[in-house]
Asks: 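My structure is below; once you've seen it, I'll send some questions.
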Amino acid sequence: MKKIVLATSNAKKIIEMENILKNYSINVDKVPDTFNPDETGTTFEENAYIKAYEAAKLTNLPSLADDSGLVVDALDGKPGIYSSRYESTDEKRINRILNELSEYKNNERTARFVCAMALVKPDGETLFSCKGICEGIITATRSGSGGFGYDPIFHVTDKNKTMAELTLEEKNLVSHRGKALKQMLEWMKNNF
């Protein structure tokens with residue numbers, strides 16, 4: 001069985017990824033408490049690599065990392081790579097987005113979740129990288145209690161629900177992270 005480390009300390013992200021990975025012959029380790037990479041990249045791809053490489057060096061295992069965020073068209077792509085740092089809490093981040101979009105009509109509130117994923121060896125070599133995207137609309141109000149982050153205000157067009165209204169299994173099928181992880185697992189199945 002292959003062994004990797006997930007380069008995240010976000011418990012909810014770990015649950016989502018482990019839910020998908022459980023059906024594959026991959027043993028998943030968690031990062032040590034000292035994991036605290038400096039996300040200095042200017043793209044999702046650069047930040048995914050930074051996190052994966054840091055975790056790989058700490059554990060001496062291949063490391064899988066993602067960098068994800070919300071890209072809102074009316075806000076010129078904000079919050080983008082700063083999604084988790086847009087404000088200090090999920091509640092404040094959601095309030096800021098809703099406030100910034102308060103004058104926009106529904107058809108002007110287009111957005112997407114983006115996830116860049118990288119599998120990196122301890123020597124820094126990238127084994128594989130990919131990207132997943134989920135298109136949607138930012139709602140005017142919160143709906144649903146599942147998920148995390150911006151999920152309560154992100155309406156998934158294909159499902160006619162917010163990300164927070166989807167079950168974990170439904171979310172993993174349509175989410176940016178689920179799509180990227182599916183590509184990663186396809187690669188790993190044949191190459192890892």
Side-chain angles (χ1 to χ4, degrees), residues 1-33 35 37 39 44-45 47-52 54-56 59 61-71 79-86 89-91 93-94 111-120 128-136 138 142-159 161-189 192:
M1 182 178 278
K2 297 289 183 181
K3 192 171 190 178
I4 63 169
V5 64
L6 288 183
T8 182
S9 50
N10 181 325
K12 292 183 179 183
K13 193 183 283 192
I14 291 169
I15 290 168
E16 279 185 14
M17 292 175 77
E18 285 183 336
N19 182 264
I20 295 171
L21 291 168
K22 70 183 178 191
N23 298 319
Y24 295 83
S25 296
I26 300 168
N27 191 357
V28 178
D29 266 9
K30 293 179 176 62
V31 289
D33 292 338
F35 178 71
E39 296 180 45
F44 292 114
E45 291 84 358
N47 283 333
Y49 176 83
I50 289 168
K51 290 188 267 188
E54 179 74 17
T59 62
L61 289 170
S63 175
L64 178 62
D66 84 290
D67 193 55
S68 303
L70 179 66
V71 176
I81 63 169
Y82 304 104
S83 292
S84 65
R85 300 173 295 234
Y86 209 46
T89 66
D90 284 349
E91 183 73 17
R93 287 187 276 275
I94 287 173
R112 68 209 42 82
F113 273 127
V114 176
C115 173
M117 198 167 278
L119 181 65
V120 176
F128 186 71
S129 60
C130 57
K131 186 188 279 190
I133 296 173
C134 180
E135 298 286 342
I138 302 300
R142 294 167 183 77
S143 186
S145 58
F148 62 98
Y150 298 99
D151 288 356
I153 60 168
F154 187 86
H155 183 266
V156 183
T157 313
D158 295 347
K159 292 289 184 186
K161 292 180 181 178
T162 66
M163 201 69 95
E165 293 173 310
L166 300 174
T167 66
L168 181 57
E169 289 73 23
E170 288 174 322
K171 180 179 179 181
N172 283 338
L173 287 174
V174 300
S175 78
H176 52 307
R177 190 171 296 107
K179 290 175 180 178
L181 193 51
K182 182 178 179 187
Q183 293 173 60
M184 181 64 69
L185 288 167
E186 281 298 312
W187 181 88
M188 290 172 83
K189 187 169 64 174
F192 187 63

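What's counted below: heavy atoms across the whole structure, side chains too, no hydrogens, waters or symmetry copies.
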Asks: Quick check for you: to the nearest 0.5 Å, what is the distance between Asn19 atom CG and Thr167 atom OG1?
Replies: 9.0 Å
Asks: Does a side-chain heavy-atom distance below 4.5 Å link Met17 with Val28?
Replies: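 Not touching, per the 4.5 Å side-chain cut-off.
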Asks: Return the set of residues passing side-chain contact (heavy atoms from CB on, under 4.5 Å) with Phe128 (not counting sequence neighbours), or none when no residue passes.
Replies: Cys130, Met184, Trp187
Asks: Step by step, would you call Gln183 with Met117 a side chain to side chain contact (heavy atoms under 4.5 Å, CB included)?
Replies: CA-CA 9 Å; Gln183 293 173 60; Met117 198 167 278; over 6 Å; no
Asks: Could you list the residues that satisfy side-chain contact (heavy atoms from CB on, under 4.5 Å) with Ile15, not counting sequence neighbours?
Replies: Leu168
Asks: Leu64 and side-chain contact (heavy atoms from CB on, under 4.5 Å): which single residue from Ile26, Leu181, Thr8 fits?
Replies: Leu181
Asks: Taking only residues two or more places apart in sequence, or in another chain, which ones meet Lys189 in a side-chain contact (heavy atoms from CB on, under 4.5 Å)?
Replies: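 Lys189 satisfies side-chain contact (heavy atoms from CB on, under 4.5 Å) with Glu186 only.
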Asks: Taking the side chain as everything from C-beta on, heavy atoms only, tell me whether Glu39 gets closer than 4.5 Å to Arg85.
Replies: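 Yes, close enough: below the 4.5 Å cut-off.
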Asks: Any side-chain heavy atom of Asp29 within less than 4.5 Å of one from Thr59?
Replies: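 No. Closest side-chain heavy atoms not under 4.5 Å.
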Asks: Using a 6.0 Å cut-off, check whether atom CZ of Phe192 has over 12 heavy atoms from anything other than its own residue.
Replies: yes
Asks: Can you name the residues that form a side chain to side chain donor-acceptor pair (under 3.5 Å) with Ser68, not counting sequence neighbours?
Replies: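 Partners of Ser68 by the side chain to side chain donor-acceptor pair (under 3.5 Å) criterion, ordered by chain and then number, come out as Asp66, Arg177.
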Asks: Looking at NZ of Lys161 and CG of Asp151, how far apart are the two atoms once the value is rounded to the nearest 0.5 Å?
Replies: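 Lys161 atom NZ to Asp151 atom CG measures 13.5 Å (nearest 0.5 Å).
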Asks: Within the 4.5 Å heavy-atom criterion, are Asn172 and Leu166 side-chain neighbours or not?
Replies: no
Asks: Between Ile133 and Lys179, is the side chain to side chain contact (heavy atoms under 4.5 Å, CB included) condition met? List the steps.
Replies: CA-CA 7 Å; Ile133 296 173; Lys179 290 175 180 178; 6.0 Å; no
Asks: Do Lys2 and Pro62 have side chains that approach each other closer than 4.5 Å (heavy atoms only, starting at C-beta)?
Replies: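 With C-beta onward as the side chain, the pair stays apart.
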Asks: With side chains defined as the heavy atoms from C-beta onward, is the minimum distance between Ile138 and Phe154 less than 4.5 Å?
Replies: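 Result yes, sub-4.5 Å side-chain heavy-atom pair found.
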Asks: Using every non-hydrogen atom in the two residues, find where Val71 and Gly80 come nearest and quote the distance to one decimal.
Replies: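 Where Val71 meets Gly80 most closely, the heavy atoms are CG2-CA, 4.4 Å.
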Asks: How far apart are the closest heavy atoms of Pro37 and Lys51, and which atoms are they?
Replies: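 Heavy atoms of Pro37 and Lys51 come nearest at CG-CG, 3.7 Å.
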Asks: Once side-chain contact (heavy atoms from CB on, under 4.5 Å) is applied, do any residues pair with Ala55, and if so which ones, sequence neighbours excluded?
Replies: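 Checked Ala55 against side-chain contact (heavy atoms from CB on, under 4.5 Å); matches are Val5, Ala7, Val31, Phe35, Ser63.
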Asks: Measuring from atom OH of Tyr24 to atom CE of Met188, what distance do you get when rounded to the nearest 0.5 angstrom?
Replies: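 Result: 10.5 Å between the selected atoms.
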Asks: When the side chains of residues 143-150 are checked against the rest of the protein, which donor-acceptor pairs come out under 3.5 Å, sequence neighbours left out?
Replies:
unit_1	atom_1	unit_2	atom_2	d
Ser143	OG	Glu165	OE2	2.6
Tyr150	OH	Ser83	O	2.8

Asks: Got a second to check how far Lys171's NZ is from His176's NE2, nearest 0.5 Å?
Replies: 7.0 Å
Asks: Under 4.5 Å between any side-chain heavy atoms of Leu70 and Pro79, yes or no?
Replies: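 Leu70 reaches Pro79 side chain to side chain.
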Asks: Decide if atom NZ of Lys13 counts as having more than 12 heavy atoms of other residues, nucleotides or ligands within a radius under 6.0 Å.
Replies: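 Counting neighbours around NZ of Lys13, more than 12 heavy atoms of other residues, nucleotides or ligands fall under 6.0 Å, so yes.
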Asks: What's the spacing between Thr157 OG1 and Glu135 CD if we round to 0.5 Å?
Replies: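 With rounding to 0.5 Å, OG1 (Thr157) is 7.5 Å from CD (Glu135).
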Asks: Can you check whether Ile153 reaches Arg142 side chain to side chain, under 4.5 Å on heavy atoms?
Replies: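 Side chain of Ile153 against side chain of Arg142, heavy atoms only: contact under 4.5 Å found.
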Asks: Measuring from atom CD1 of Ile20 to atom OG of Ser175, what distance do you get when rounded to the nearest 0.5 angstrom?
Replies: 6.0 Å
Asks: I'd like to know whether CG of Asp33 has more than 12 heavy-atom contacts from other residues, nucleotides or ligands below 6.0 angstrom.
Replies: no
